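Below is one structure, written out as structure tokens, with a few remarks after it.
The structure presented is a predicted model; accordingly, all values stated were derived computationally and were not measured.
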Amino acid sequence: MDALRKQASKLREQVAKQQQAVIKQFGGSGYESSEVMVIDEVEMQMHQQLEKLYRSTRCGRDFQKEIVKAAEAFTAVGYKHIEAGTKLSEDCSKYGVENASDEILAKTASVYGDARKHVEKEQDDFNRLLFTQVLEPLRAMITGTPLEDARHLAQRYSKMRQEAEAQAAEVFRRQARVRESPIPENVAKFHAAETRMQELKANMAVLGKEAATALAAVESQQQRLTFQRLIAMIEGERTYHERVATILGNIEAEMVSEKQRKEAAPPVTPINHASGKTKYFLAEATHAFDAASEKELSLAVGDYVVVRKVSPSGWSEGECKGRAGWFPSAYVEKRQRIPTNYTSTEVY
């Protein structure tokens with residue numbers, strides 16, 4: 001029987017040493033998961049709570065890293081967008097200046113070139129928002145001291161728990177030794193093992209509460225900050241697209257309107273008299289008209305206009321107060337009598 005007891009004792013010692021070796025091999029980092037009850041149910045609940053918080057903060061940190069990667073990619077694409085857009089703006093403006101004779105396309109290119117500058121400014125503003133409102137806060141949280149400190153406390157608790165698990169095996173082994181041979185030396189070693197176990201239990205209770213409080217605070221901060229930064233990114237992107245859409249919508253309307261005005265007021269050959277002179281007539285403006293381009297003529301009610309050309313499209317060309325241009329034909333009425341204060345000699 002004594003031989004069997006000694007053999008069983010050696011076997012337990014070997015198992016305890018193997019457990020410690022495995023713990024040392026795989027317990028170097030992180031928070032180790034375990035379903036073993038080391039001390040009691042209360043400690044087991046603390047262990048499970050810390051394990052859940054540790055995983056949650058790790059997932060939160062990983063999610064923040066993914067958002068940072070996406071924001072960095074958006075920023076990089078944005079800078080390429082600005083570079084290409086700026087080059088296109090310069091090319092359009094250059095074409096508009098060098099090809100002024102091509103009235104419609106040159107004007108359109110110039111308008112678009114100016115508008116692209118505003119588009120690229122909106123892109124630059126969005127890039128700045130991503131950097132200041134998303135990248136900087138999240139990077140600070142990811143590498144911040146509160147997260148590292150809280151996770152370090154949890155890791156310390158995990159290692160202490162592994163030590164307590166090994167110490168429990170040691171207590172069990174010493175207890176078996178006492179049963180086998182209740183000599184004073186074995187009894188003293190058993191009591192020392194129990195004392196050490198009680199110390200570990202007390203330290204674990206304090207460290208567990210501290211780690212749980214720190215991790216819970218970090219978890220709450222992670223969720224709150226990540227939510228705020230996501231909202232900031234969404235609002236910034238929405239504002240960027242809305243402003244760009246407004247800019248592009250305005251220049252498109254301007255381009256189409258300019259083209260329609262050019263096409264609606266084509267040059268018309270004036271009618272000649274038998275005498276060989278061009279037939280002009282005098283008209284009075286009955287409606288005010290504001291010129292929208294250099295080729296149009298602004299009129300005020302009561303202005304007298306020397307009408308030179310009349311187009312079937314509804315536009316007329318004439319001169320008023322030393323200025324010449326096109327205006328809607330319906331905005332003037334032909335006058336049979338020339339006012340006494342009108343001195344032009346080109347009216348027939």
| query | Are any non-hydrogen side-chain atoms of Pro137 and Met141 less than 4.5 angstrom apart? | reply | no
| Polar side chain donor-acceptor pair, Glu219 to Thr57, under 3.5 angstrom | no
| Closest heavy-atom pair and its distance - Phe74, Leu130 | CB-CD1, 3.7 Å
| Can you hop from Val218 to Leu153 via hydrophobic side chains spaced under 4.5 Å? | no
| field | Interatomic distance, Asp114 atom CG to Ile247 atom CD1 [nearest 0.5 angstrom] | value | 12.0 Å
| query | Taking the side chain from Asn203 and the backbone from Glu199, do they hold a donor-acceptor pair closer than 3.5 Å? | reply | yes
| message | When you compare the side chains of Gln123 and Asn127, does any donor N or O come within less than 3.5 Å of an acceptor on the partner? | response | yes
| field | From CA spacing to verdict: side-chain contact (heavy atoms from CB on, under 4.5 Å), Phe281, Val310 | value | CA-CA 11 Å; Phe281 64 88; Val310 178; 4.1 Å; yes
| Main-chain N/O of Pro182 paired to Asn186 side chain as donor or acceptor, under 3.5 Å | no
| query | Do you know the tightest heavy-atom contact between Val307 and Ser316? | reply | CG1-CB, 4.2 Å
| message | Under the criterion salt bridge (Lys or Arg N to Asp or Glu O under 4.0 Å), I'd like the reasoning laid out for Glu185 against Lys189: C-alpha separation, chi angles, the key distance, then a yes or no. | response | CA-CA 6 Å; Glu185 181 182 357; Lys189 289 182 178 180; 3.4 Å; yes
| task | Could you tell me whether the side chain of Ser329 and the main chain of Gly314 form a donor-acceptor pair under 3.5 Å? | result | yes
| field | Sole candidate of Arg55, Gln49, Gln48 that passes side chain to side chain donor-acceptor pair (under 3.5 Å) when paired with Glu51 | value | Arg55
| task | Please check if the side chain of Glu210 supplies one atom and the backbone of Val206 the other of a donor-acceptor pair under 3.5 Å. | result | no
| note | For Val332 and Ala285 the tightest heavy-atom approach is CG1-CA, 3.9 Å
| Honestly, is Arg151 close enough over Tyr54, meaning NZ or CZ under 6.0 Å from the six-membered ring centre and within 45° of the axis? | yes
| Once you round to the nearest 0.5 Å, how far does CZ of Arg156 lie from CE of Met204? | 12.5 Å
| With the 4.5 Å side-chain cut-off for hydrophobic clustering, are Phe63 and Val68 part of the same group? | yes
| query | Does the salt bridge (Lys or Arg N to Asp or Glu O under 4.0 Å) test come out yes or no for Lys65 and Glu72, once each step is laid out? | reply | CA-CA 10 Å; Lys65 287 181 178 180; Glu72 288 174 342; over 6 Å; no
| remark: Ala71 and Leu135 have their tightest heavy-atom pair at CB-CD2, 3.5 Å
| query | Lys87 and Glu83: salt bridge (Lys or Arg N to Asp or Glu O under 4.0 Å), yes or no, with the steps? | reply | CA-CA 6 Å; Lys87 178 66 167 57; Glu83 181 180 356; over 6 Å; no
| request: Evaluate the side-chain proximity of Leu297 to Leu299: yes if any heavy-atom separation is below 4.5 Å, no if none is. | output: yes
| message | Tell me the closest heavy-atom pair linking Leu50 and Ala212, and the distance in Å. | response | CD2-N, 3.4 Å
| task | State, with a plain yes or no, whether a side-chain heavy atom of Cys320 is found less than 4.5 Å away from one of Val306. | result | no
| query | Do you reckon Ile82 sits in the same ILVMFWY cluster as Phe126, going by side-chain contacts under 4.5 Å, direct or chained? | reply | no
| said: I need the Arg161 CZ to Met46 CE distance, nearest 0.5 Å. | reply: 11.5 Å
| Check ion pair Glu163-Arg196 (N to O, under 4.0 angstrom) | yes
| task | Would you please test Leu230 and Met233 for side-chain contact (heavy atoms from CB on, under 4.5 Å) and show each step? | result | CA-CA 5 Å; Leu230 273 177; Met233 185 165 67; 3.9 Å; yes
| request: Please lay out, stage by stage, how Phe227 and Gln223 fare under the test side-chain contact (heavy atoms from CB on, under 4.5 Å). | output: CA-CA 6 Å; Phe227 176 79; Gln223 294 178 356; over 6 Å; no
| said: Within this structure, what is the OG1-NE2 distance for the pair Thr246 and His241, rounded to the nearest 0.5 Å? | reply: 12.5 Å
| Steps toward side-chain contact (heavy atoms from CB on, under 4.5 Å) verdict (Glu296, Trp315) | CA-CA 10 Å; Glu296 295 178 354; Trp315 288 78; 3.8 Å; yes
| field | Polar side-chain atom of Ser93 near backbone of Ser89 as donor-acceptor pair, under 3.5 Å | value | yes
| field | No-hydrogen, no-angle side-chain donor-acceptor test under 3.5 Å, Arg229 and Gln133 | value | yes
| field | Within 6.0 Å of CD in Gln228, more than 12 heavy atoms from elsewhere | value | yes
| message | Using modelled atom types and a 3.5 Å cut-off, is there a donor and acceptor pairing between side-chain atoms of Thr286 and backbone atoms of Tyr331? | response | yes
| If Ile, Leu, Val, Met, Phe, Trp and Tyr residues are connected whenever their side-chain heavy atoms lie under 4.5 Å apart, and connections chain through other members, are Phe131 and Ile142 in the same group? | yes
| said: Under the salt bridge (charged side-chain N to carboxylate O under 4.0 Å, His left out) test against Glu317, which residue among Arg308, Arg323, Lys309 passes? | reply: Lys309
| message | Tell me if the CD atom of Glu136 is crowded by more than 12 foreign heavy atoms within 6.0 Å. | response | yes
| Short question: side chain of Asn99, backbone of Tyr95 - any donor-acceptor pair under 3.5 Å? | yes
| message | A side-chain contact here means heavy atoms from C-beta on lying under 4.5 Å apart; do Ser293 and Trp326 qualify? | response | no
| query | Heavy-atom distance under 4.5 Å between the side chains of Leu282 and Val305, does that happen here? | reply | no
| Quick one: OG1 on Thr143 to CD on Gln64, what's the gap to the nearest 0.5 Å? | 10.0 Å
| task | To the nearest 0.5 Å, tell me how far Thr75 OG1 sits from Lys80 NZ. | result | 13.0 Å
| field | Which atom of Ala154 lies closest to which atom of Ala211, heavy atoms considered | value | N-CB, 3.9 Å
| Less than 4.0 Å between a side-chain N and a carboxylate O, is that true for Glu90 and Lys94? | no
| Shared hydrophobic cluster, Leu53 / Leu147 (ILVMFWY, side-chain heavy atoms < 4.5 Å) | no
